[in-house]
Amino acid sequence: MPWQDKVSQLMGQPVGISFSNGQGTSGILCRVSGGKVFVIEYLYKTQFALKQYDSRVIQDINGFPPCQNRRPLY
């Protein structure tokens with residue numbers, strides 16, 4: 001399924017984004033507007049940034065899978 005068909009269901013969710021150059025990123029999908037995809041990404045400590053990516057360089061966008069129920073290690 002093309003990523004454009006999935007984004008409305010993924011808004012506000014954690015996503016992984018793969019780019020056509022083989023790189024990728026992850027964050028919270030905020031919006032898609034004007035040929036741009038807007039994602040909040042973690043930077044450092046308490047810093048986050050709203051980044052925008054041209055939709056033409058995006059190969060795919062996928063939601064994060066749910067956590068497995070595992071026993072805590074501590």
Side-chain angles (χ1 to χ4, degrees):
M1 171 185 310
W3 68 264
Q4 296 90 338
D5 296 340
K6 299 186 265 185
V7 292
S8 62
Q9 299 167 354
L10 296 172
M11 289 295 169
Q13 301 296 317
V15 296
I17 300 174
S18 57
F19 300 107
S20 52
N21 67 1
Q23 295 180 321
T25 191
S26 61
I28 304 294
L29 182 62
C30 292
R31 70 178 183 270
V32 177
S33 175
K36 304 279 185 191
V37 174
F38 295 83
V39 182
I40 293 180
E41 296 178 13
Y42 175 71
L43 297 177
Y44 178 71
K45 291 193 175 186
T46 60
Q47 298 176 355
F48 294 83
L50 178 63
K51 295 191 177 180
Q52 59 180 337
Y53 298 98
D54 191 307
S55 62
R56 294 174 292 184
V57 300
I58 295 176
Q59 184 176 21
D60 202 6
I61 300 177
N62 290 290
F64 272 53
C67 293
Q68 303 257 337
N69 288 332
R70 293 186 174 180
R71 290 185 349 199
L73 297 175
Y74 50 92

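Computed over heavy atoms, backbone and side chain alike; hydrogens, waters and symmetry mates excluded.
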**Q.** Phe19 reachable from Leu10 in the ILVMFWY side-chain graph, under 4.5 Å edges
**A.** yes

(Q) Give me the atom names and distance for the closest heavy-atom approach of Gly16 to Phe64. (A) N-CE1, 3.7 Å

Q) Should Ser18 and Trp3 count as side-chain neighbours, where that means a heavy-atom distance under 4.5 Å? A) no

Q. What heavy-atom pair brings Leu43 and Ala49 nearest, and what distance separates the two atoms?
A. CD1-CB, 3.6 Å

Q.
How long is the straight-line distance from CZ of Phe38 back to CD1 of Ile40, given to the nearest 0.5 Å?
A. 11.5 Å

(Q) Working to the nearest 0.5 angstrom, can you tell me the gap between Lys6 NZ and Met11 CE? (A) 13.0 Å

(Q) Using only atom types and a distance under 3.5 Å, with no angle test, would you say the side chain of Tyr42 pairs donor to acceptor with the backbone of Lys45? (A) yes

Q) Is there a chain of hydrophobic side chains (I, L, V, M, F, W, Y, each step under 4.5 Å between heavy atoms) that links Val57 to Leu29? A) yes

Q: Compare all side-chain heavy atoms of Ile58 with those of Ile17 and state whether any distance is below 4.5 angstrom.
A: yes

Q. Would you call Gln4 and Val32 a side-chain contact if the rule is heavy atoms closer than 4.5 Å?
A. no

Q. Rounded to the nearest 0.5 Å, how far apart are NZ of Lys36 and CD of Gln52?
A. 5.0 Å

Q) Side-chain contact, heavy-atom cut-off 4.5 Å: Phe48 with Ile28? A) no

Q: Would you confirm whether Ser55, through its side chain, and Gly35, through its main-chain N or O, come within 3.5 Å as a donor-acceptor pair?
A: yes

Q. Nearest 0.5 Å, what's the OG1-CD1 distance between Thr25 and Ile61?
A. 11.0 Å

